[in-house]
*Asks:* 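Please see the structure below; I have some questions.
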Amino acid sequence: QVQLVESGGRLVQAGGSLRLSCAVSGGTFSSYAMGWFRQAPGKEREFVAALNRWGARTYYSDSVKGRFTISRDNAKNTVALQMNSLEPEDTAVYYCAAEPISNILSVLTTPQAYGYWGQGTQVTVSS
């Protein structure tokens, strides 16, 4: 059974930084494409960032490009999201997602592509 546990969310002022972490247990972590998504109240879940199995290929939504950085540590079975220059519009519950995939180059950017999800961590950015 694959389990994902996010941590690091909290209240932060606009312009500040946060680092979210997702710990993955079960299965073979290095075989998973990984992604971060977020969902604000009343809105659909939206893509934030993703990377391929080895972390060499990354992809970001236009709204976070240049401010957020996704990374993974295959030795520690973790994926991180470094968030800088936070804006009130970044307020949301942030979810980590995993999907086993054979193609080592693939980066998955839609929620439907992922089969495993964490419970989410709340990020609130005050103005």
Side-chain angles (χ1 to χ4, degrees):
Q1 183 72 13
V2 180
Q3 292 187 322
L4 291 75
V5 179
E6 302 96 335
S7 61
R10 62 176 175 87
L11 173 65
V12 64
Q13 287 189 332
S17 298
L18 276 180
R19 185 176 178 85
L20 304 183
S21 184
C22 174
V24 181
S25 60
T28 303
F29 181 71
S30 61
S31 70
Y32 300 149
M34 299 296 300
W36 285 96
F37 293 78
R38 66 187 182 186
Q39 189 166 18
K43 295 187 177 181
E44 293 186 352
R45 191 168 298 190
E46 65 170 355
F47 168 73
V48 175
L51 75 178
N52 69 328
R53 286 173 48 180
W54 292 355
R57 298 189 71 201
T58 58
Y59 195 79
Y60 299 91
S61 69
D62 288 343
S63 62
V64 307
K65 196 175 299 181
R67 300 188 297 123
F68 291 11
T69 302
I70 187 172
S71 61
R72 67 188 293 162
D73 186 336
N74 284 358
K76 296 182 179 179
N77 292 4
T78 58
V79 61
L81 184 68
Q82 177 66 42
M83 307 187 294
N84 299 328
S85 302
L86 283 162
E87 303 168 352
E89 293 74 23
D90 295 318
T91 294
V93 177
Y94 283 70
Y95 296 92
C96 174
E99 178 65 21
I101 193 165
S102 58
N103 188 328
I104 62 174
L105 297 178
S106 291
V107 178
L108 307 177
T109 61
T110 63
Q112 296 79 3
Y114 289 91
Y116 300 101
W117 292 85
Q119 82 290 347
T121 186
Q122 176 71 48
V123 173
T124 303
V125 184
S126 64
S127 57

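The model shown is predicted, which means the values in this text are computed figures rather than measured ones.
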*Asks:* Who are the ring-ring contact (aromatic ring centres under 6.0 Å, His included) partners of Y114, not counting sequence neighbours?
*Replies:* F37
*Asks:* Any chance you could measure E99, atom CD, to Q112, atom CD, to the nearest 0.5 Å?
*Replies:*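 Taking CD in E99 and CD in Q112, the distance rounds to 12.0 Å.
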*Asks:* Which atom pair, heavy atoms only, marks the closest approach of T78 to F29?
*Replies:* O-CZ, 3.5 Å
*Asks:* Please name the pair of heavy atoms, one in G26 and one in Y32, separated by the smallest distance, quoted to 0.1 Å.
*Replies:*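 Of all heavy-atom pairs spanning G26 and Y32, the closest is O-OH, 3.0 Å.
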*Asks:* How long is the gap from OG1 on T124 to CG on D90, to the nearest 0.5 Å?
*Replies:* 11.0 Å
*Asks:* Output the distance between atom CZ (F47) and atom OH (Y60), rounded to the nearest 0.5 Å.
*Replies:* 9.0 Å
*Asks:* In terms of heavy-atom contacts, does CD of Q3 have more than 12 from other residues, nucleotides or ligands at under 6.0 Å?
*Replies:* no
*Asks:* Could you tell me whether K43 atom NZ has more than 12 heavy atoms of other residues or ligands within 6.0 Å of it?
*Replies:* no
*Asks:* Can I get a per-line list of side-chain donor-acceptor pairs under 3.5 Å for residues 4-16, giving both atom names and the distance, sequence neighbours left out?
*Replies:*
unit_1 : atom_1 : unit_2 : atom_2 : d
E6     : OE1    : Q119   : N      : 3.0
E6     : OE1    : Q119   : NE2    : 3.4
E6     : OE1    : G120   : N      : 2.9
E6     : OE2    : C96    : N      : 2.8
E6     : OE2    : G120   : N      : 3.3

*Asks:* Measuring from atom CG of N52 to atom CE of M34, what distance do you get when rounded to the nearest 0.5 angstrom?
*Replies:* 12.0 Å
*Asks:* For the atom pair CG (L108) and CD1 (I101), what is the distance rounded to the nearest 0.5 Å?
*Replies:*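 L108 atom CG to I101 atom CD1 measures 4.5 Å (nearest 0.5 Å).
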*Asks:* Write out all pairs satisfying disulfide (SG to SG under 2.5 Å) with one or both partners inside residues 52-89, taking only residues at least two apart or from two chains.
*Replies:* none
